[in-house]
Structure formats: structure tokens, C-alpha cells
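Step one of this worksheet: look at the structure below.
All values below come from the heavy atoms of this structure, side chains included, with hydrogens, waters and symmetry mates left out. Below, chain A is the first sequence line, B the second, and so on; all start at residue 1.
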Amino acid sequence: MELIDLSDLNVNEKVKEVLRSRGIVTLNPVQSEAVRKGLLEGKRLLLTSPTGSGKTLIAELGMISHLLKGGRRAIYTTPLRALTSEKYHEFKAWESLGIKVGMTSGEYDTDDAWLRNYQLIVTTYEKLDSLWRHGPSWLFETDYFVLDEFHYINDGERGPVVESVAVKAKRRNLLVLSATISNHSEIAKWLEAEAVTTNWRPVPLREGVLVPDRGGFVVSFADGSSYKLRGNDAILAFTRKVVDEGGQVLLFRNSRRMAETTARKVAELDLEVKRKEIEDLIAKLEEVDDAGSNEKEALRELLERGVAFHHAGLSRGLREVIEDGFRKRIIKVITATPTLAAGVNLPARAVIIGDIYRFNRKILGFQEEISIMEYKQMSGRAGRPGYDSEGEAVIVVRNRRDAERVFKRYILSPPEPIQSRLGNEPAFYSFLLGLISEGESTVEQIRELARQTLLSRELVDRYLDSGIPWLEENGFIELDEKLFLTKLGRRVADLYINPFTAQVVKDVLRKNEAVECNLAYLHLLAWSPDGPFVGVSKGEEDELIENVSCPPFLDEPEDEDDFYKYVSALKIASILNDWIEEIEEDVILGRYGIGSGDLRSLVETMDWLTYSAYNVAQVLGLEEHADVLRRLNARVEDGVKEDLLEIVRVPGVGRKRGRVLFQNGLTKPEDLVMNPEKVKALLGDKIGDKVVKEAARVIGGVL
DNA sequence: GTCTGCATGCTTTAGACAGCATGTC
DNA sequence: CTAAAGCATGCAGAC
């Protein structure tokens, strides 16, 4: 394949300078192919190639050349906040060309109006979908969309949003990036783009299986090569070999518990580590302030041996320490759940896929095989540019017969085809509400738009014919020649909650008097379709039901499946109730057997839902409910009792410092500014100083 | 009485997006 | 509707 030299590239010299500063001299095969297909001339492309094959640079070239040729604005969309943030920092380099780069997501929200000043905006699919509902003028000026990790469209939960965004984005110029998919021509046709497919990788990948073999193991690769390993544990034997040869290992397991126990087993291998580096890393671990003490202790013991586990139960701070330690090659082995397969870039020489089965939440006892796409995401992490001449990815299997089947299914087959996930009521009705929120249209116009999705004509019609009456009957829309949103519908669309969640909240609040029982509201919201889910152990069930401090709105269901959801919601409500009663974080984690990462994500979701319910109650004129919900929402964000609400407005002051200050008579930002010495005495000089400055800013902002 | 080893039965099971106010990551 | 690993429990046997 002919590679394009940077100097031959038909772009502004300043663009080449930025690329040269990154050490780029020649475009790689994928990038060269994209350029040949007309990337720089604004050709619509669907680019499918493996992870880490340099697709980001293609997007950058596409966006920048578009903007330099008079394009007004480009939006780059990813499925994860972490990726959004990562890309944002990469794209910052283009500000040297006078292009302003901005970012927005639910986490780092930038004011809609302010985004008008940016030409290149990085965001998440959900945020972009939400922006379309709010309809800021600058969004309609956007004339170039990059949709990254587009294979997420095949995800049962998140896919509908990707599809919804694609339908709107494809009216403008488009660049779609995806991992390899088998039906790329069909998808390209739908997107009115040309499919460009390559299998090129910067570091070659050898994929194989790890099979028991006469007292040891044999690793067989797709290229026909193989080698033997001795030992009685396949994972340990393979890990030892790779690390002894100077490589790092990324080890995937299908549950958190397995990830943790495997990490402890690997630690017993006593791999060679550099003491000094390890000590520095452990010092960083100790500084992490958003984690539980048990989690830190477990990780400290493992880090001593150059090992760590990684899953969503860990707080962000902990995950960052681990990811950083691995990137610096201090940590030799990470045992992880699928978090690391899709997230930020974290390659290793070898990847072990410890399990190809995963427990299915819906069907008891059903061990689901992971998808080929998931396997590709995991194995794709093998091979570290600059450190490894090739990557190895192996699947652990029990016997020879499995080996053959697994080999065919995962290594020799293309990933499954992409299909629409809009074919269910919650997803479609939400999509429908979004369409109607964009402006008044007739039913036929909406039908025309909905037919732009990947869903079959028949299904679109079926869901429209049931969805429009449903939204109308429940007061979200009105039909008067044209379809338009009611006040309630508008609020629901803007809040980005599912219409079924709004419906549940509406029904229950209307039926019940307002009560001073936070638990009842928290339980209702956790139980709604947008509510999160937590596992409840057998012993916990009765305890949760017995310990309700005040009666929930919902009755205990008879049906077993419904009961499952009911107690999960009860557990979430109890956790959040402890949280706003200022129960110590370590106590909460221990009491409910959850991790710091779990707590943070529950708080985040419930924060959004309490705010949404407060707004829905307000629109419905349920003022007493709205009043309880408003106060509840204020407390959920920071996890405080009502008396601390003033003081926690100061950045750097949370539930802990807030309580210390309050107990010493400092109850509002003004008090901090008036008593800087007292603040420093209570919080220490460094933090005290910072907090006083922030308090001054908070007051200044109010005036 | 107490400790150990083993068989048996019970329990548990991945991830992560969305609002707003505030300041502009 | 098709599971499997880990951990707790309980029992027998040795000391």
C-alpha cells in the first residue's frame, strides 16, 4: 500500500507543522487510504478499522481541513466522557491555528450559549442528543460531524441514542469511525457515505487460545505457531512468561470478585519490580481522597508486587493511579472487568481473556457468550507501540474441543453485523419525543424522519402508531394539525429523562400526598426506568424491608422479578439516605458492600433524577411535592444535611470539611472570608487558604 | 476440647450516559 | 429457558 508523505499532503502548511511536532512524517496505511478516498475534500466516509490504528488523526485532518476551508463548526462525538475528555486535550493542539476547541458533557458542562465561540466541540452522544432538543442556534450552524466508536449503535442500551444522533448528523457532512463491522456496506449506504475498511494495526497482533495439554498448557496462534507452558494454572503460567520477558499483561475477567482474586494469585508470583517506583506509586495511592480505606489497603498490598485490579467499583482517583502506573510500566499486570476494554487507551504486550462467558441478568443460570465485538475490543489492547514488536492476545479455554470452537468463533470470524436497537417502546418513544421537540411537524413529517433510522419501515410505523397516541394521552404532546410538545413534554425532553420515567413520577406523585420522607421519593426514582440497579444479597433483602424509616410510595410486589427491582431500589434509597444524613463514606461502603466508584455513580444518577422529579412536580403544579424534592436534590449532590447547604457552595468544601467548619460557627461563605485564620487552623494552611479564596469568589459571583 | 481436611450446599455475578449552576476544565 | 467459582458450613477423624 502506497503511503502518503506529510509533505505531499494537500493541506495548509500550519497543519503540517502541528503534525510534525507530534513526530509524524508519513501517514499510516489507514490514514493514507482515507486521504486517497477524499477525506480532505470533505468526502463522506465510514471508516472501519481496529482500535489504535490512528483513526483519531483522520478525524482531525477531516475537521481541520473543513474548518480551514470555511466550514463553520465541527462536532466530535464519543460514547464515553473519559474519551471525550481525552480527545479534547489532544485537539487542544489545534488552537495554534486559531481554532477554538471546546468540550461539553454531563460532567463538564459548558453553557450552551458559550459554545457558540468554539469551532471544534467534543461531546458525548447523549449530550449531543440533548443539545438537539434544546436547539441552540450554533448547533444548526454546525456543518461537520464526526461520530467516533460508532459500533456502540449496536449496544442495547446506548445504541438508540447513537442512532438518533446519526439520523440528525447525516443531514450534514459526516465522518464515521468504527471498529470493524461485518455489514459495513449496508451501514455506509444508510449513512450515504463510502465505506473504507482496513485491518492494519500499528503493532501486529497474534491471536490464539490457551489450552490445557499434558500436565501443562499449549498456546496456539492463528498463524499456526504455538509454544508450551508448564505449571498448573494457565493464567499464571502465561502471565509469568510475558512479564519475565519484559512485557506487561492486561487480564480480563468476567466479575469484580474474579478480577480481585486473580490479582492476588498473580501477586503471589512475586514478579520483579522496581522498589523506588513502587513506593512512589503507593504514595500517590495514599493521596487519593475519593476512595474507601479498605479499597486502598487491598490495592496497596497488590501494588507492592506490581499488580492491580481495575473495575467500576473503584473511584476515579484510584483508577487514575492504576492507569498511570501501568502506562509508566511500574505496574506489570492489571486484572480488569470489561471497563478497560472500551475506555481510554491503555495497551499492554499481552492480553488474556480469562472468560468468554458472562452471567446474564435476565435469565437465571444462563451463561452468555460475549460478543465477537467485545472480544475484538479486548484483544485489540494487545501490543504497545514503541515497546512491543507485536502483541499477543489469548483466550483461556478448558479443553481441546472448546479451543477449536472458540478459535473459529472469535479469531476467525468477523464481528456481528450492526442493527437498529430502536425497536422497543422506551427507546422509540424517547426518540419520538426528541423529534417532536425539534419543532412543530405534522405526523407525516415525523414519519418521514423516523424512516431515516435503521429500523424497518414496518416497525417504524408500528411504534409511531402506538407512540403518538401514548404521548398524547399522557400529556406530553398535543396534536392540532401539527404535533407539538406540551409544557410537561418540553420539560421532560429537556431534562432528558425517559417519558416512561416521567409517567411513573407523575402518576405516583398525583396519587399521593407530599410527605416528609426522603426515602419514599428516592425509592420511587431509583425504581423508575431511568433508575440505576444494584445487586442485593439474600441477607440484605429482609433487612432493607424491615429498616424502612418511613413508608415508600410503592407497595411490595408479589412477582419475583418485580421484587428484585423493588429491593434494588430500596437499597439505593437507603444508600442515598445515609449519604444525605452525612454517614461516613467508609461506613456506607461497608454497610452495603459497594465500592467508592459505585457510590459516586449512584449519587450522580440520583442527583439528576431528583432534579428532574422536582421539575416535573413543578410543571404539574404539585407544589408540596416539588418543595420536598427541591430540598432533597440540593442535599444529594454534596451528601449533606440541610444546614450545610450554604457552606458547601464553596468549591473545595464538601460534606466533611463543611461539617468541621459548621461546628466551629462558620456556616456560610461570608464567614470563611471574615475568618481566614480560623479556617486555616481548622483545615490546615494550604487547603484553608485555597478555601478562603474560593469563598471570596463565590461571594463575588453573587454580588 | 480443638484443630484440620474434605465434601457439600448456598450465594453471587460488567459497564456508565443524561440536568443545572458555576465558571470557562 | 442452559452455570460456575468462591466461600461458609458441617462433619469425621486425629491429636
Nucleotide C:dA3, atom P - distance to CZ of A:Phe366 in whole Å: 10 Å
Touch class at under 4.0 angstrom, heavy-atom based, for A:Arg398 against every strand present: sugar-phosphate
Electrostatic pair A:Glu369-A:Arg405, nearest N-O below 4.0 angstrom: yes
B:dC20 - base-pair partner by Watson-Crick or wobble geometry, distances under 3.5 Å: none
Plane angle bin for A:Phe91 and A:Tyr76 - parallel if under 30°, tilted between 30 and 60°, otherwise perpendicular: perpendicular
Whole-Å P distance, B:dC10 and B:dA14: 23 Å
Base versus backbone protein contacts along nucleotides 10-20 of chain B [heavy-atom cut-off under 4.0 Å; B, S, -]: -SSBBBSBBBB
Whole-Å distance separating the CD atom of A:Glu694 from the C1' atom of B:dT24: 14 Å
Separation of atom CG in A:Asp355 from atom P in C:dA5, rounded to whole Å: 9 Å
Parallel, tilted or perpendicular, as decided by the 30° and 60° cut-offs, for the rings of A:Phe309 and A:His311: parallel
B:dC17 versus C:dA3 - spacing of their C1' atoms, nearest Å: 31 Å
Whole-Å gap separating C1' (B:dA21) and CG (A:Asn615): 13 Å
Over 12 foreign heavy atoms within 6.0 Å of CZ, A:Phe359: yes
Touch class at under 4.0 angstrom, heavy-atom based, for A:Met258 against every strand present: sugar-phosphate
Residues, nucleotides or ligands: over 12 heavy atoms within 6.0 Å of A:Lys168 NZ: yes
Protein-nucleotide distance (A:Tyr357, atom OH; C:dA3, atom P), rounded to Å: 11 Å
Lys/Arg N to Asp/Glu carboxylate O, A:Arg409 vs A:Asp402, below 4.0 Å: no
DNA chain C base-pair string [pairs: Watson-Crick or G-U under 3.5 Å; |: paired with another strand]: ..|||||||||||||
N-O pairing of A:Glu604 and A:Arg81 below 4.0 Å: yes
Heavy-atom donor-acceptor pair, A:Glu416 side chain to A:Met373 backbone, under 3.5 Å: yes
Parallel, tilted or perpendicular: rings of A:Phe533 and A:Tyr564 (30°, 60°): tilted
Separation of atom CD1 in A:Ile121 from atom C1' in B:dC25, rounded to whole Å: 15 Å
